[in-house]
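Scroll down for the structure; my scribbles are underneath it.
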There are 2 protein chains.
Amino acid sequence: MRMTVTIKDVAKAANVAPSTVSRVIANSPRISERTKEIVRGAMKELGYHPNFNARSLANKSTNTIGIVMPNSANKTFQNPFFPEVIRGISSKAHQVEYGLYLSTGQSEDEIFEEVQHMVQGKRVDGIILLYSRVDDRVMNYLYEQKFPFTVIGRPYDVRKREITYVNNDNYKASKTVTEYLLLLGHKNIAFIGGNLDFVVTVDHMEGYRKALYNAGIELKDDYIVFHEELQEGGQEAVIDLMSLSEPPTAMIVADDIMTFGVMRMLSEMEMRVPDDVSIISFNNVMISELSSPPMTTVDIHIYNLGYEACNLLIDLIHHPDTGAKQVLIPHKMIKRQTTQKIIGKISSSQ
Amino acid sequence: MRMTVTIKDVAKAANVAPSTVSRVIANSPRISERTKEIVRGAMKELGYHPNFNARSLANKSTNTIGIVMPNSANKTFQNPFFPEVIRGISSKAHQVEYGLYLSTGQSEDEIFEEVQHMVQGKRVDGIILLYSRVDDRVMNYLYEQKFPFTVIGRPYDVRKREITYVNNDNYKASKTVTEYLLLLGHKNIAFIGGNLDFVVTVDHMEGYRKALYNAGIELKDDYIVFHEELQEGGQEAVIDLMSLSEPPTAMIVADDIMTFGVMRMLSEMEMRVPDDVSIISFNNVMISELSSPPMTTVDIHIYNLGYEACNLLIDLIHHPDTGAKQVLIPHKMIKRQTTQKIIGKISSSQ
DNA sequence: GTGAAAGCGCTAACAA
DNA sequence: TTGTTAGCGCTTTCAC
């Protein structure tokens, strides 16, 4: 294999000093156009490419950002949500010529250790957390280290204003969606949430409660279920809910993929959607429109979440001393065909 | 912010030479347990973490592998296939303490340029290509550079044996699936393939042709359609196919996600699956079992594809001079409920 | 506008 | 078993 060509080789070939070559790479204005051309010529001729690690070492900056995903041991990760956020992140990162480094840990401990390595080993300049957990160890660590990071989702605790994040107004979205169902005449509305450790689940819950409260409808514990697993979760939830003496006529589901499970189980039980049960869920991932019937869901603009998170992070890296920022990505309810007025149905009480 | 603690600081604190500390990090057997302990103590005390870039520079190895995805501009990337391969890759990578670096390019040109940077800039030790395209520029480049890389899918051309890859026997899978449909009595079998630039599509096609040929059934061009887009693609394909004077009674679909589109459109046309049309597709991504009815599909063991690709790559990096290897991941048809015997010509019974 | 030289933090010969 | 020292390839003062 041919030897690597370094800055020195180029310098020799162009008859200049290594430092000059370095300046040409950085396109320093203090170098004359003439020598720039000569040097560039030599670089081309020799097939020179700057060594990334050498630059990073001298520079103390890597031009790469770390992406930390929730523990991929469970199936959470299979959610098309992730490719889509990453697509958003990628897009911004590519614009500013930053690279992406991915966490590989499968358990919480592994991830934590990995993040420490990224940070202390100076492997990345900043980190994006693709999730927000209640009292998350990784987030706390990053915060204490004052390492640049942004979160997709909102921090649960009081440091809200000291942490840079991008989020949807999940509380509001959930509230609206509940109100919508209420307007359609539903009174027995179930809530199928994700893992309660995630802040988004908490927010969804609160929105749901508030809407029911405002409408003067009593909260039924039986109508509220949480499930971690996306596929089985949805299915189990349906079994539980439909076994109740007064089964719900509408369901709010935390995640589109879960909705597939919900609809699947419902159809197995020969319940029709939306005739027997109305459903609204969240996210609007690509395949959401491909359910039969296509699902009504809240588009949270996943791509934008990723893009903006990256944008904020880049800012933070360049200007570490400006305060933390928070960005809210607007959501939008996409009405498709899993919701319907409750008219004929006599099964409702009160 | 506190100064970074380096190997020298540790050396001083432990009263040894920097090189000794370095050897302790590498856990060299030539260092006595006693000094190892002392040094480790000092490391802990000072909160030492090795600088990744410095190591890489001195080492000429980065312990990270690059993942190159197809251009994420189009929706291909949203396929849950990708999180799942990456999960497989992650898993192996984490075992051997390798990091993952992700391509961010959106177009073919951008990706090509990026790969060059990764390779020439020594940013990664090896690369995994998550797709195999006919006559792919990136693959050709890597091949010429003799840079360690593995492909998920098979190279199209004659260099088959000189390139390390992991693949399914897509030809065979497609042939089997076609034969199965034939056995169920179907004669009008359509094929809905992906982008013909991808080798997998070619292989699927060939398997389908071969099975029909063996059965003495003439190939109808009208029954063969290709679509790039997963969602719209499936739907458009159905429109075309069902408009034929003799519409197919069975369909082989390149991808589970596409099948969702296919089923969606079919249900819109009030065609029932499997009563009116049987469907088999490929991949068995997580949500495949959540279609209504759950789809029959070929499980290609996506996770294993990723895991094995990473495994091969690590091997290649450590032993660049052993020849190229090829690994075939077995597939398995998962019979669910979208296939059925064709009994009466008129969709009947039940 | 350009060059010389001192690092960035670590590894690996070569010595001892 | 451990220390000395010369790099790895680049950036960046400080001179000129």
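Keep in mind that this is a model prediction, so the values were computed, not measured. Just so it is clear: chains get the letters A, B, ... in the order the sequence lines come, proteins before strands, and each one is counted from 1.
Between A/T6 and the phosphate of D/dG9, there is no side-chain N or O to OP1/OP2 separation shorter than 4.0 Å. One finds a side-chain N or O of B/K60 lying less than 4.0 angstrom from the OP1 or OP2 phosphate oxygen of D/dG9. Note on A/R55: a side-chain N or O is less than 4.0 Å away from OP1 or OP2 of D/dT11. A/T20 has a side-chain polar atom (N or O) that falls below the 4.0 Å cut-off from OP1 or OP2 of C/dG3. Close to C/dT11, at under 4.0 Å from its OP1 or OP2, lies no side-chain N or O of B/S19. Look at B/S32 and you'll find a side-chain N or O under 4.0 angstrom from OP1 or OP2 of D/dT2. Listed pair A/T4 / D/dG9 meets the phosphate criterion, a side-chain N or O lying under 4.0 Å from OP1 or OP2. Taking only side-chain nitrogens and oxygens, A/N59 comes nearer than 4.0 Å to OP1 or OP2 of D/dT12.
Between the side chains of B/Y303 and B/S91, at least one donor N or O lies within less than 3.5 Å of an accepting N or O. A/S32 and A/T35 share a side-chain donor-acceptor pair at under 3.5 Å. Side-chain polar atoms of A/E162 and A/Y143 form a donor-acceptor pair below 3.5 angstrom. For the 3.5 Å distance criterion, the side chains of B/E114 and B/T104 qualify, holding a donor opposite an acceptor. Checked by atom type, the side-chain pair A/Y307/A/Q95 shows a donor-acceptor distance below 3.5 Å.
Here the P atom of nucleotide D/dT4 and the CZ atom of B/R23 are 11 Å apart, to the nearest Å. For the pair A/N51 CG and D/dT11 C1', the computed distance is 13 Å after rounding to whole Å. When rounded to the nearest whole Å, the span between CD1 of A/I38 and C1' of C/dG1 equals 13 Å. The distance from atom CG of B/L57 to atom C1' of D/dG7 is 9 Å, rounded to the nearest whole Å. We find that CG of A/N53 is positioned 11 Å from C1' of D/dC10, with the value rounded to whole Å. We find that NZ of B/K12 is positioned 15 Å from C1' of D/dG3, with the value rounded to whole Å. Rounded to whole Å, the distance from CD1 on A/I31 to P on C/dG1 is 8 Å. One interatomic measurement links the two molecules: CZ of B/F52 to P of C/dT11, which rounds to 12 Å at whole-angstrom precision.
Just one of B/I25, B/V24, B/V21 meets the side chain to side chain contact (heavy atoms under 4.5 Å, CB included) condition when paired with B/V10; it is B/V21.
Minimum atom distance to the side chain of B/A58 is reached by C/dT11, of the listed C/dT11, C/dT2, D/dG9. The side chain of A/I7 sits closest to D/dT11 out of C/dG3, C/dC10, D/dT11. Comparing atom distances between the B/R30 side chain and each of C/dA15, C/dG3, D/dG9 picks out C/dA15 as nearest.
Below the 3.5 angstrom threshold, one finds no donor paired with an acceptor across the side chain of A/R34 and the base of C/dG1.
Residue contacts shown for A/S56 are absent, as no nucleic acid heavy atom lies under 4.0 Å away. Using a 4.0 Å heavy-atom distance criterion, B/V21 is classed as making no nucleic acid contact.
Remark on DNA chain D: of its neighbouring residues B/A17 and A/P50, the 5'-side contact belongs to B/A17, judged by nearest-heavy-atom nucleotide.
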